[in-house]
Structures are given as structure tokens and as C-alpha cells.
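Okay, so here's the structure we're looking at.
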Amino acid sequence: MITKELQRTHYCGDIDKEELVGKRLVINGWVQNYRDHGDLTFLDIRDRTGIIQLVFDPKTNPDAHLIAKKARSEDVISATGVVLLRTAENINPKIPTGKHEVKIDTIEILNKSKTPPFQMDQTEISEEVRLKYRFLDFRRPEMYQNLLMRHKITHTARNFLHQNGFLEVETPILNKSTPEGARDFLVPSRLSPGKFYALPQSPQIFKQLLMVGGIEKYYQIAKCFRDEDLRADRQLEFTQIDIEMSFITEDDIISLMEQMMAQVLEENYRIKIKLPIRRMTHQEAMEKYAIDRPDLRFGMEIVDVTSVVKESEFTVFKSVAQSGGMIKCLPVPEGSRLSRKDMDDLIAFVGKYGSKGMAWMRVKDGKLESNIVKYFSDAIQKELIEKTGAKEDYALLFVGDVKKKVVYDSLANLRLHLGEKFGLRDKSKFEFVWIVDFPLFEWNEEENRYDSVHHPFTAPKMEDINLLEKDPGKVRSDAYDLVLNGIELGGGSIRIHNPDVQKKIFNLLNISDEDAKIKFGFLLEALSYGAPPHGGLAFGLDRMVMEFQGLSNIRDVIAFPKTQKGQDIMSDTPSEVTQKQLEELNVKIAENRANK
RNA sequence: GGGGAUGUAGCUCAGUUGGUUAGAGUACUGCCCUGUCACGGCAGGAGUCGCGAGUUCGAGUCUCGUCAUCCCCGCCA
């Protein structure tokens, strides 16, 4: 219990001001450290603002001094005393409050702490322990800082959207399941036995319905759920800043959103980014970086060399070229630093993405060098050097495959890997780019049909609309992604607002009229009542904070994240439920899964 | 589903070729110390070497299986 008398008058981190000297104040916080000199005793007290040193002298108050001697890490205290200016030789330059200290005459231990599993000023703690004791992890300044910045970023975005006339509208968590896209989280319905709700993968359809309803400008800080395997930058549940507007063009929304992003960085990081953010077509991104979210903090642009090497005597390349495949080259400045062993490692690295191999050459004295150059005529070698722009000490890394995806994935990741290795992915740099003109469809080999690149409600580009029937693969869309340092921060599109066009797209995606009616009937219906032209986008808030904070793990910006197996090791979630609960829900556990 | 890394004291880690009683730092407990701030000094307690088999006279160490955490592929915007 805390009383008025024990309540803090000042935060620890605020006791750094000259005018406080001589003042009597009350401190609340946790014991960070103690230094017991027999008589004179010091306690470092921590709250979320910082640390202040308390001094206990038996001559001031022997009772308080005795209590201080018994204080241990993470005990919660209230202490009262007078602020003193430290003498010059006693100043601690390592902490912001180092010029001051508080001479305490009264202290109360509000709550003792068990010996904590880790010290709060420790930096290297296994994540397992941190997650198990997440409530203690928050006491570490690093974690507090992450949560603080997440709050500030969200706050700036909310302010910006509010000031620009957006309404925050909540959409349901219990939704209709649609098998497209990611795997749904399902919730059994008690009131409709045998039926299920699905948790939202995103509020996509609802925000479109809000536009039909004339809300005009909508946003939501929306929790989304996808039942897929986790990664360093992926959680089962995550948060989107979800936005939709009516009567707007692609340029309108891009321009507004980059203003928001600029404001977020300016207000919270004092970073000014140059507007407008550059734009790059999807095609250019794929050609130069083999990926639709290029990291533009460094160069190393990829070059297609299929036409050059198909004439060589190197059978691997020749046969790939003849079978309609592609060979691409990654020119690596200072690539001579790569040893034979490095090359072997890189070959293994691209193997992860399906590459059967990786050829390499080095530029020495203006000539190409490696165990395979003999298969390349002088003319071809010259052309390779010219085409790739290779200079002295460059390495040329080649990947060729019949499957284009293998070439793209291998080289895109190789480029990032080497960028990392050579220290080119500078955490202090912020290289934004809008990727625009995405294709509307991609061909699905297994299913022998087209899939939406974005989602089925994305509008085709006006000028490509006549290609819909002739050559759907060539149709570009009004879709756009905002990319920062190789991370996709968010993306969106102008939506289809015409039910006929929407039907046509469903047909191309092999979704029958009947299916479309069952799954999205209400949307088609809504579109037929004077739906305004509209569009929007969604930012991945977690990834945004993660990148701005210079972190490589999404769990560090989420208060209570799940482990890679989707479990919460603090609360032991998921867990079994009682037979009664299952019966009420009309759910039976399959025999072989029970009692696991 | 697959590949890789890790698992030893509360925490962070070391542990040689398989060898006798498994160590360090820190934290913790007790004592000493009036200007420390990673305080210092002395003493002490603390281990299912993730778990289970196996090989061996003998396993922290070798083999197989299994579990957990992390990274990646598949999956997923």
C-alpha cells in the first residue's frame, strides 16, 4: 500500500537540475544496486526515467540506514530526503543525474523482491529467460525504450490521421473465413454448432465497405492474425496501421502517406527525409535487385547476362539459356576479398534458394580470373566486364537456372548477404522507395491458374484494362509498396469499385460466380450501390518500429510476443481446455492428437 | 515438413584425448569497511551437465532418440 506521504514527488531521471538542490523530495522506484561501506551506504534507485543515487548516513537516521543496508536488487522503495550537489571528485559522469544525489532520512521498503533471474542492467540475457520473465524484461531500459518509441510512433500517426480528417473505426475480430491467402485462425461458434469464425488477416473488406458507406477517410490500428510459421520478422498476431480513402488517386495517397512517414521520423527521431520519396517500378526493382523490396542503402546492381554467356563454351550456362532460363550476375566491388572458402559458403548459401550452383570470376589486372574463364572467349569476357561494369578487384557472381524464381531469390539474398558481410547495410541510413506498377497477377504453376499478387480487389491500371482478356500476365495494377532498407513497411492499392470489373477478376482467378457470391457476395452487392472510387494501404507497425529502432527481431517491439512455435512461455499458451468447454463448442479432439 | 546453431550453478559462460572431488565471473548468504558508483576485502552456500536410451571398467565429453529456444527453407505480404 502506498500513502500520500510515500508517493513520489519527482522521477529519478529528473533529479539533474540545479534548482532542486536543497529541496526535500520523495523518490519511488526499484533498487538497481547497493554499495554498503559499513557505515555510509548508497542505493541506486531506478524508475522508467533513469537512476539516482541515494545516500544513507547512520548519523542522519540510523533506522533508515539499517533498512538501506538490507535493501537488495529489485526491492521497491519509497525514500525521502534532500537533494545535494556532489563535490567535484564525486561526480559520476556515466549517468545523467551524476552531479546530484539525495541524502535520505526516511525509507520504506514497499515490497521485497525475490532474487531476480537476471540483472536489469544486463544486456546479454537469453531470450528464453527474458520471455519467461517478460514483466522483468520491461524494467530493462532497452525494452522500455522500444515500447516508448512504439507508443510515440503510433501517437504521431494517429495525430496525423486525425488532423487530416480520418475516422478511427473498429472492425470485427470475429469474421467469416475465406480460404485465400494465409491460413486462418478459427474460433468455434457455440451458438451455431459446427460453424466457425475466423480472426481477421486484415480488415480489407470492411474498410472497403466503410468507403461504400461514405466514411470517406478511415484508419485503424488493427490487430491482424495469420496462422503461418513464425520468423524473426513475423508473428502470429501483428499490428497494422490500416488506412482507406475515397475519391483519391494513387498519387494522392502516396503523397499523404509519405508526409505521415516524414512526420513520424521528424517528431520521434529528428530525422528529416526528402520528399517526395523516390518511386521505382516493380519491373526495375526485379531487374536490378531481383526483389520487390530492394535495400537501396548500397549499390551492387544485378545484371542479366543471359544473351552474353549463351554463346560461351560453359555448358551449364548454355543449356540454361537454351531451355529458356536466365543467367544473372552480381558484380561485387572489392570482391577479391572473398576467399575460395567464402565462395564455397556462398554456393551453399544460394543452395537454400534452389540454386544448383554459383559460378564466380575475379577481375585481376583488367582480366577475368577463375577456374571457368577458359570456357569464355576473350570477346565474351570483354563483354561481361563491360556489361557488368566490373572494375579492378571486383568479383562477378553468377546464378543461372531455368526457374526464374530460383535466380531472383538466390541473387537478391546473395546481394543482401554480401551487403551485410561488407558492412554496407548502415543502420543509421534510411533509404525509402515506393515500388509501383506491380503486376496484377502472377502465374501459379501448381494450380495452373493466375493468383492475385496483392489481393483480388486490386484495380488494374486503366491503360492495361484491355489486356485483361488477351494477356492477363501483362496487366499492371494500381498497387504500391513502401519499402525501407529492404523491409516492406506497408503496401496498398486502388480498389476495384465496379462490380463488373470485380466479377471479371474473380473469373480470371478461377473463382466462380457462385463461389464469389458465397465468399464476397456482400462486397459485390455493396459495390453495386454507388461505391466511390477508393483505395488505401496498411503499414506493418511492428516492422516499422523494429526498423526505426535498428532492431533485427520483431519480438523486441512487441510487449508479449510468441516463440517460434507460437507459444507464450510465460503464461504457457496455448493450453488444453476442459471437456466441458469442448462439448459446449461441439468440438472433438482427433484421437491421435489428444493427450500429447 | 526440412536444414543449421545452442542447451553445464539464479544469470553469462569455460570444461583438453572419455578418467578419479565439474570450474570462473556475476548474483545470493554471513562478516569487515564513511565517498562509492561494475565499490573493496574475507568466508560460505549453490549442479537431475535439457531429458531418455546405448557404447564403455568409466560419459558433461562418444552414438541414437527426444524436448526446448533461436536462425533459415517451405509456408506467409
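Below, chains carry the letters A, B, ... as their sequence lines are ordered, and counting in each starts from 1.
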Look at atom NZ of A/K23 and say whether more than 12 heavy atoms of other residues, nucleotides or ligands are closer to it than 6.0 Å.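 No, NZ of A/K23 has 12 or fewer neighbouring heavy atoms, counting only those of other groups under 6.0 Å.
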Reckon [X] touches a base, only the sugar-phosphate, or nothing at all at heavy-atom distances under 4.0 Å?
| X | answer |
| --- | --- |
| A/E101 | base |
| A/D36 | base |
| A/E89 | nothing |

What's the CG-P distance between A/D233 and B/rA77, to the nearest Å?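 After rounding, the gap between these two atoms is 13 Å.
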Please report the distance, rounded to the nearest Å, between CG in A/D44 and P in B/rA38.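 Nearest whole value for this atom pair: 9 Å.
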Which nucleotide, [options], lies nearest any side-chain atom of [X]?
| X | options | value |
| --- | --- | --- |
| A/R234 | B/rC75, B/rC37, B/rC11 | B/rC75 |
| A/F42 | B/rU36, B/rA77, B/rC70 | B/rU36 |
| A/R226 | B/rG74, B/rU34, B/rC76 | B/rC76 |
| A/Y353 | B/rU34, B/rC70, B/rC72 | B/rC72 |

Would you say the base of [N] and the side-chain of [X] have a donor-acceptor pair closer than 3.5 Å?
| X | N | result |
| --- | --- | --- |
| A/K59 | B/rU34 | yes |
| A/N92 | B/rC37 | yes |
| A/R86 | B/rC37 | yes |
| A/Q119 | B/rU26 | no |

Are the ring of A/H37 and the base ring of B/rC39 both nearer than 5.5 Å at their centres and tilted by less than 30°?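 Given the distance and angle limits, yes, they stack.
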Is the NZ or CZ atom of A/R476 positioned over A/F438's six-membered ring, under 6.0 angstrom from the centre and within 45° of the axis?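 No cation-pi geometry.
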Under the salt bridge (Lys or Arg N to Asp or Glu O under 4.0 Å) criterion, do A/K103 and A/D57 qualify, and how do the steps go? CA-CA 8 Å; A/K103 185 134 202 185; A/D57 193 322; 3.8 Å; yes
